[in-house]
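Computed from a prediction, not measured in an experiment: that's the story for all the values here. Lettering of chains follows the sequences in order, A, B, ..., and the numbering in each one begins at 1.
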There are 6 protein chains.
Amino acid sequence: MSTQTSAKPFHRILLTGAAGGLGKILRDKLKDWTDILRVSDLADLGPARNGEEVVQCDLADKAAVLELVKGVELILHFGGISVEASFEDIMRANIQGTYNIYEAAHTHQVKRVIFASSNHTIGFYKTTDQLTASMPPRPDGMYGVSKCFGESLSRYYYDRTGLETVCVRIGSAFPAPANRRMMTTYLSYDDLFELLRCAAFTPRVGHTIVFGASDNREKWWDNREAAHLGFQPKDSSSQFAHLFPDTGNYPAADEIGSTYQGGNFILSGPQYKN
Amino acid sequence: MSTQTSAKPFHRILLTGAAGGLGKILRDKLKDWTDILRVSDLADLGPARNGEEVVQCDLADKAAVLELVKGVELILHFGGISVEASFEDIMRANIQGTYNIYEAAHTHQVKRVIFASSNHTIGFYKTTDQLTASMPPRPDGMYGVSKCFGESLSRYYYDRTGLETVCVRIGSAFPAPANRRMMTTYLSYDDLFELLRCAAFTPRVGHTIVFGASDNREKWWDNREAAHLGFQPKDSSSQFAHLFPDTGNYPAADEIGSTYQGGNFILSGPQYKN
Amino acid sequence: MSTQTSAKPFHRILLTGAAGGLGKILRDKLKDWTDILRVSDLADLGPARNGEEVVQCDLADKAAVLELVKGVELILHFGGISVEASFEDIMRANIQGTYNIYEAAHTHQVKRVIFASSNHTIGFYKTTDQLTASMPPRPDGMYGVSKCFGESLSRYYYDRTGLETVCVRIGSAFPAPANRRMMTTYLSYDDLFELLRCAAFTPRVGHTIVFGASDNREKWWDNREAAHLGFQPKDSSSQFAHLFPDTGNYPAADEIGSTYQGGNFILSGPQYKN
Amino acid sequence: MSTQTSAKPFHRILLTGAAGGLGKILRDKLKDWTDILRVSDLADLGPARNGEEVVQCDLADKAAVLELVKGVELILHFGGISVEASFEDIMRANIQGTYNIYEAAHTHQVKRVIFASSNHTIGFYKTTDQLTASMPPRPDGMYGVSKCFGESLSRYYYDRTGLETVCVRIGSAFPAPANRRMMTTYLSYDDLFELLRCAAFTPRVGHTIVFGASDNREKWWDNREAAHLGFQPKDSSSQFAHLFPDTGNYPAADEIGSTYQGGNFILSGPQYKN
Amino acid sequence: MSTQTSAKPFHRILLTGAAGGLGKILRDKLKDWTDILRVSDLADLGPARNGEEVVQCDLADKAAVLELVKGVELILHFGGISVEASFEDIMRANIQGTYNIYEAAHTHQVKRVIFASSNHTIGFYKTTDQLTASMPPRPDGMYGVSKCFGESLSRYYYDRTGLETVCVRIGSAFPAPANRRMMTTYLSYDDLFELLRCAAFTPRVGHTIVFGASDNREKWWDNREAAHLGFQPKDSSSQFAHLFPDTGNYPAADEIGSTYQGGNFILSGPQYKN
Amino acid sequence: MSTQTSAKPFHRILLTGAAGGLGKILRDKLKDWTDILRVSDLADLGPARNGEEVVQCDLADKAAVLELVKGVELILHFGGISVEASFEDIMRANIQGTYNIYEAAHTHQVKRVIFASSNHTIGFYKTTDQLTASMPPRPDGMYGVSKCFGESLSRYYYDRTGLETVCVRIGSAFPAPANRRMMTTYLSYDDLFELLRCAAFTPRVGHTIVFGASDNREKWWDNREAAHLGFQPKDSSSQFAHLFPDTGNYPAADEIGSTYQGGNFILSGPQYKN
C-alpha cells in the first residue's frame, strides 16, 4: 500500500528492461508516479538518478528477481528479449524471466503488473482481419510465443492469487512509422504512456489484455473489451501519411509483409529463411 | 396524433415522478416539446405553471392512473421509488405502478413511453465486464429487480400491442460524480436530456434499451444496439478528474464498490448488512 | 446439511404448489429424495401421507412463508398462478409470493431453489427462431412477465447471497401434446422429473436457466448453456405424431398460434381480445 | 503494375457508369489518381476530356467488355441500372454486365475492383436493427438482389483468382437528404470519394464489404469489419437537421418507409403496387 | 389450399427438374403427398404416370413458367443446371429460371417453395471450418453463385410477399460417396426425402436455409438455425467407411479437394484450368 | 509419405512419453497403424517389442530429439511432465521439450503432430461455464500453463510451416472416475484411442484444438469447432454413476473442487498451499 503521506501515488515502482528502447523513455516519465523508481536491466543502466534505485539483474536468476521485487507496489515488466532470437535465449529471458517476476510479485504481494506483451502474439492474422483481445493467439515467431506464455501465466496468477495484470500488446512504438504497415500499428510514445497510466491507475483491472495503437485511421484491433481502462489515444499516424503516399502498386514488394498483421517479422525466425 | 396547427411537436406529454430529483429538472426542460406538460407525483408539485397540468397521483391506484394518462401522446415515466427500499414499497410503486401506466397507455393508445430504467438492472456485473443491452440482467437490489420488471413488461406491450418504449438505463445523473465509480457512470443533465430527445423523436424505436452515460473515458456500456437513436453524449466526467486523482492505493477502501458496476448500492438491500 | 445417517439425500424438501397439475405428480415422486416432504398449497392438500408434512399457506403471506420454509434444504417452487389471469392476482401470487419464498430461503439458509419458470418468458419469439437461455426475454402475457421477474429475482439472490437456483422454463408438461405446437414444446412427466433430478443433485448450479422439453424432433430451444446439468431427455413427442398428420393446409387456422412460440397463449391476456 | 515514372499512382483506371449520377461526379475527381481515366457508359459521354479515354459500351456485351477492360489496373464499377426496374433489364445490365466485368478483369489480370453495391442489399432489415457486413443479405427489390449477386460473384473471384474487391454498399449519395430516412443513410460526395480512396489505396483489401454512410448521428450500419480500410467520414447529415424538425407525429405517413432500412424503395418493385 | 376431402395433404405439387438425377427419384416418392404431381423438365419426361401431370417447359420462358405454376400449392424447385457450365447457360436456366418460378409462385399465391440450393454456395470455406447457415456465402463456381442468387431472391420474396421458402443446401446426394470428401457431405436419398418432408410439412418455415447431409461422423455444417424443421437424418456415410480406409498419405493427391469444402468442384470453372 | 506397398497406413510413428500412464496403453494399440512404432521416454521402456524401435531420450536434449524424430511421419507427443511440478522442471520437460519436438518435426518434414494437451489449460473456468475451443485459456497451474505454451507454439508452426497439429485437451483418462468431478471429465481409453484415430487420419486438420471427454451426461466442453474430426465418443461415465450417488450435501467438502473445472488440481501448485 502506498505511503499516505507521500504526494505521489506510489512509493516504489519497478521498471524492468529499463535499458531497452522503451525502457529508456519510460525511465524519465515514471518519476511523477512514485517516490522511488527502481530500474533494472541486464545491461548497464548508469548511476542512479534522483529518486531512483538501480539494480542490474538477470531476470533468469530466480533469487535475484525475488530480491529485485521486494518492497515494490507496481511492476512495469518491459524486460527480456524484444526481437526474434534463438528459442533458448528467449526461453531464458522471457519465459523463465517472466515466471520469476510473477512468482516474486506474488511472494511480495505486489498488487499489479503491467506486462509488455506484443502485437506479435497475433501476427499471423491477416491484415483484413479485425481482432478483439479474446480471440485465439496466432503468434508469428518465438518472441510472440513467449509473449503468449506471459499472457497465460499472468491469467493464472490472477485467477489463483488475485495479482492483477494488464497485458499491453504494444504495436509499433517508435518516433515514426518505419514502413507502410506501421501506419496501422503505430503507437506514439505519448499514447503508450497514457495507456500505461490507465493500466496503472484504473481502480480495478483484473486480468485485462489491451492493444496498444494510436488512433490511426486504419485499424485491425478493437479495444472494446478493455474499455474499462479508459484509454483514449490522442495521436494518429496520419501525421506521417506523406511518408507513404497512395499507390496502386500493390501488392507491395513485401507481399507477405502486407498480408499478415505481423508484417515481415513473420519471416524473421532463425529457422525459416525463405 | 399531435395537433398540426401547433408549433410544438406534441400536444400533451405526461411526466411522472415530477417531484423527484430528475423530475424537477425535466419539468422545466420539456416545455419546448409540448403545448401541455402534465406533471404528476405522489408528492406535492406546487401550483401548475404556465402550460402545465398538475395531477397528484398514486401510481399504484389503477383508476387514478387510467385517468392520468388520458389524452396523452408521450409518457416519460420517471415515477416510483428510485432508491433501495422494502420490497413491498417497491412492488407497490414500481411494479403495480408501472403496470398501471402501461395498461393505461395501451387503453388510451399512447404511442410511446420513455421508461426510466437504471444501471442497477445490471449492477452485479464486474467493473471489468463490458456490456451490451441484450446481455442478461443482473440486478443489484430490489430496486434493480423492479426495473428489470419494467423492461420485461414494456417488451410485452410492444410485442402485443405495438406500444413503443425506450428503456433508459440511467447511470449517475447528478451535477457531478460523487465518488470514483461515478467517473464511469456519470450522465450529465444535458446528456440525459439529449438522450430523452432522441428517445422521443426518433421516428421508430420499437422496444429499445439504451445505457445512459456521458462520453466518459472509462466505459462499461456499449450502446451499439441502440445506435439508431443517434444519441451522442457531449459531456464527459473528465472535467471532474481532479476530484479523484490517480492513486495506487487500490483496491480502494470500498473494495466491493470497485468490484461491481453497481458500486456500494449492491450492499444497500434492507436484509444484508454485511 | 442433510443428515448423514439418513439413506435419503435430503432430510426435508419443500414443494410449493403441491395441489397444482404438476404438483400432484411431483408429490408422489419426490419421496425417494427426502426423509420428509413438506407440501404446501393455497388449496386443500388432504391429509399428510407417509413422510409428509402438509402446510396450507398463502404464498403472499410473508410471515406464513417464513414459517413454511424453516428447516428446509431444497425448495421446488411450483406454487402461484400458472395461467393468464388479472395482473393483480398474478402479482400477489407470483411476484409477492416468489419474493417471500426467496427472502425466507435466504433467511433460513436454504441451499438451492428449483424455480418453475415457463416457456411463456420467451413466447413472443417466432417459431422460426432458435433460442439459448441468455437471449433477452420476450414474455407473452402477465404470467410470463411474472416468471421473468422470478428469473431476475433469483439471479439477484444468487449474486448477493450465494443461494443457488435452477430456473426451469417448462414447456408443455402434459400426458400428451394437445395441439400441433406442443409437438415442439412437449415435456413428458418422466423427462420433467429427470430434469428436476439434475437440477437438485448437480453439485454446483450457480444460477442456471434451462429449457424443459423432451427430445422432440422439432426444436426451438438449445440447452447448451445448461449442459453442466447433464439433462438428457429420453422421451419424444414423435410417439404422438399420428395425432397431427402431415398437412399442407398451412398456415393453420390458428395462424398466430403457429407464428409465435407461445402459441395461442399470446392471445389470452385479459385485455386484448382480438 | 503502375508505371514507376508516372507521378500518379495509377496508369489507367476504368470507371463504368460514368454518365450516371455518381459517375459524373467521380469522372472529375478521379483524374488525380491516374494518368489515363477510361470512362464508359451505355449513354453518350461526350468527347474525351484531357487525360481521358471514352468508350461507349453495353456492359452486357461480353466481347465489348473484354476490350473495355484491357490495359486497366483498377476498375470502379458503377455501371448498370441503379433503380428498381424489370428483372430482365436488371439481369442484363447488372448480372450479365457484372459477370462480364469480372471475367474480363480476371483475363486481363486487373488487381482490384471497387464495386458499387447498395444499401438495398439489406433494405428489409428493420430501422431498429444494427448491421455488420457479415450478416445475411435481405434485399428489398430486384435491384438489391442484383447487388447481392455482385457481392457473391466478387467473393468467388477473390477466392478463386485473387482478384480483390471492395463492395461499397452506398447509402444515399446525394447533395442533401431528401427525406427523414436519409438522415441516417446520407453519404456526402466528399465522404464517398474518401471511401473510394481508401478502397483504392489500402495495400490489401481481399474481399471487403463496407457500408457507405457519412458520420450521421443515427446509425444502422457498423463498419467494424472494414476498419482496415481506414474510412473515417468527415461529414454528417446533422447539417440538414433543420429540414426535418423533431416531431411526435409518428409513425409517419410513410409508415413502411420508417419501418425498413430500405425505406419506400421496398415498395417500388414492378409487381407489388400496394 | 388443399382439398379437405382428399386423403393426401396436398392437391397439386409441382416438381421441376423431374428428369434430373434427383428429380427422377423424387418423382416416385412424392405421390403420397399429393393428389396430383405435376412434373416438369426441359428434357422429355415420358408419358404421365398415374396421378401425374407432365409439362415439358423451359424455365427461362417466363410465360410458360407462369402457366406451369398455375394451380399449384407447393413447388419443389429442382430444375436448372446442376453442374458447372458456362455463365450464360447458368444465368438462363438458374437465374432467369428461378426468377420466373418465384414471380409465378407469387402471382398464383403458392404458399411455399422448396429450393434445391447447394453446398457449392459455401464451397470455398476450408474443410476445417464449421459453418452455420447465416455465415456469408463463399461460392465455388458459377453454379454456386447462381444458387446464392436463388437464396437472396427467395429471401426477398418472403420479406416482400410472405411466400415461404426452405433453401436446401444439398450435399452429395448419391447412392454412395464417390470419394473421401463425400464421407462428410453424403446425403442418402432417404435422408434427402425426410428433409424435404420436414420442409414441406413444418407448419411455418419463413425463409429457412438448411444444410442437407446425413448423420455422417465428420461434419462441417451445423443445422442449429434450422432446428425448427425437425430434420433428423437416419443414415451415415459410416457404412461406406471401408471404401476409404484410414491412411496417413495426406495431403491426398487431390490436395485442393481436401482443402476446400467444395472439393475439386472449385477447379471445374470453365475459365481456370489450373 | 507412407510406403505404398505396406498394408498399414504409416511406415513409422513416434510416440513420446511411452512409459507414462497413457503412453503404456497407447504403445499396444498403435501397432495397427504403423509398420514401425518408435517409442521414447526418459524412463526405461524395456526391450523393443515386435515392430518397435525404442529410444530412451531426454526431450530437453535438442540434438537427441532431432535424431529421435528422423524418419517419422506422425508424432503422438505424450512426453513431458503430466502433473503439477516445479516450474523449472516443467519448463525443461514441457516447454523446451515441446519446442524441440516441433523444431525437429519441421526439420524432418513430419506432416502432423498429435499433441497431448490438457483440460488444465482451462481449469479456472467455473463448473457452470460452457466452453468452446476458441475461448481464452485459463490455466490452473504451471502444468496447464505449459500446455497453453504448446498450443500457441503448434499454432505458430502450422501458420509458418504448414505442420499440422491436433491439440487434444485430455480430460480424465483413467479406468474409472476417481471422484464426482470426473463424472464430467472422464475419457475412456477406448474413446481416447478413437479420438487419436480421428486426429491421425482425418485428411486435413490444420491446427485443431479438441476436448477429450467421453459422452458423459454432464458436459462443460462443446467440440463443435472440431466437428470435422468426426470424433464420436461411445462411452459414458454413466456406467459409474453408482459410485457417486445423488446427494443434497452440497457444496461438497471439496468446495473449490466443485467450483472450478480443474477441480482440486487448482490447489496443487507448489507455492499456494491454502
Under 4.5 Å from any heavy atom of chain F, what part of A/D159 do you find: side chain, backbone, both or neither?
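For A/D159, the contact with chain F is made by backbone and side chain together.
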
Among A/A133, A/G144, A/G141, A/C148, which residue forms the greatest number of heavy-atom pairs with chain F at distances under 4.5 Å?
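When all of A/A133, A/G144, A/G141, A/C148 are compared, A/G141 has the most.
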
Go through A/E88, A/H207, A/M135 and name the one with the most non-hydrogen pairs under 4.5 angstrom from chain F.
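Top count of heavy-atom pairs under 4.5 Å with chain F: A/E88.
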
What is the minimum heavy-atom distance between A/P137 and F/R155, and which atoms define it?
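That would be O-CG, 3.8 Å.
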
To the nearest 0.5 Å, tell me how far [X] [atom1] sits from [Y] [atom2].
| X | Y | atom1 | atom2 | value |
| --- | --- | --- | --- | --- |
| A/Y156 | F/I266 | OH | CD1 | 8.5 Å |
| A/L153 | F/F87 | CG | CZ | 6.5 Å |
| F/R92 | A/Q96 | CZ | CD | 12.5 Å |

Side chain to side chain contact (heavy atoms under 4.5 Å, CB included) between A/F149 and F/I95, worked out:
CA-CA 10 Å; A/F149 169 86; F/I95 290 181; 3.9 Å; yes

Just jot down the ring pair (Phe, Tyr, Trp, His ring centres under 6.0 Å) partners of A/F211, sequence neighbours excluded, or say none.
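Expected list: A/W221.
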
Contacting region of F/E151 [heavy-atom separation from chain A under 4.5 Å]
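Neither part.
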
Got a sec: does the CD of A/Q56 have more than 12 other heavy atoms crowding it under 6.0 Å?
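Above 12, so yes.
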
